[in-house]
Amino acid sequence: MRHIIVDSALISNPGTELANVALWYLEVNERGYPVREVALGSDGAPLRVSPPGRDRGVWCDSFCLFIGPEWEEISPAEFERKWSAANVD
């Protein structure tokens with residue numbers, strides 16, 4: 001698994017809960033598909049995570065592939081820290 005940062009400018013939806021998202025942390029499988037995501041506000045606090053449950057999220061429910069070196073990587077520990085901060089089981 002890779003863990004990458006995606007700028008919120010790639011997906012903006014003013015007037016919705018996504019309007020406050022500054023960055024996304026994505027966990028991407030070996031084929032390049034996102035399997036978990038954390039939306040972060042401008043202060044770095046998690047705003048939402050997906051999945052759990054029925055909500056597949058924004059990126060996890062897309063057909064976007066994240067392959068190649070253009071994506072800034074973060075450590076698995078950093079991703080898990082933000083995921084855990086959102087109180088997700």
- prompt: Taking only residues two or more places apart in sequence, or in another chain, which ones meet R36 in a salt bridge (Lys or Arg N to Asp or Glu O under 4.0 Å)?
  reply: E27, E80
message: Tell me every residue that passes side chain to side chain contact (heavy atoms under 4.5 Å, CB included) with N29, counting only those two or more places apart in sequence or in another chain.
response: M1, R31, Y33, V35
- prompt: Closest approach of P34 and C64, non-hydrogen atoms and distance?
  reply: CD-O, 3.5 Å
query: So, the side chain of K82 versus the backbone of G44: is there a donor-acceptor pair under 3.5 Å, distance only?
result: yes
task: Return the minimal non-hydrogen interatomic distance between A39 and V21, and the atom names on each side.
output: CB-CG2, 3.8 Å
Interatomic spacing from CG in N20 to CG in D43 - rounded to 0.5 Å: 10.0 Å
field: Heavy-atom side-chain proximity of I5 to I74 below 4.5 angstrom
entry: yes
- line: Of all heavy-atom pairs linking P46 and V38, the shortest is CB-CG1, 4.0 Å
- request: Supply the atom-to-atom distance R2 CZ to F79 CZ, rounded to the nearest 0.5 angstrom.
  value: 13.0 Å
task: Would you please test V49 and W83 for side chain to side chain contact (heavy atoms under 4.5 Å, CB included) and show each step?
output: CA-CA 7 Å; V49 297; W83 182 268; 3.6 Å; yes
field: Residues which pass salt bridge (Lys or Arg N to Asp or Glu O under 4.0 Å) with E72, listed by chain and number, not counting sequence neighbours
entry: none
- prompt: Quick check: does any side chain N or O of E37 sit under 3.5 Å from a backbone N or O of Y25, one acting as donor and the other as acceptor?
  reply: no
task: Enter the distance from I4:CD1 to E70:CD here, rounded to the nearest 0.5 Å.
output: 8.5 Å
task: Apply side chain to side chain contact (heavy atoms under 4.5 Å, CB included) to V6 and L23, showing your working.
output: CA-CA 6 Å; V6 175; L23 290 174; over 6 Å; no
- request: Measure from the ring center of F66 to the ring center of W59 and say whether it is less than 6.0 Å.
  value: yes
task: Could you grab the distance from atom OG of S50 to atom CH2 of W24, nearest 0.5 Å is fine?
output: 7.0 Å
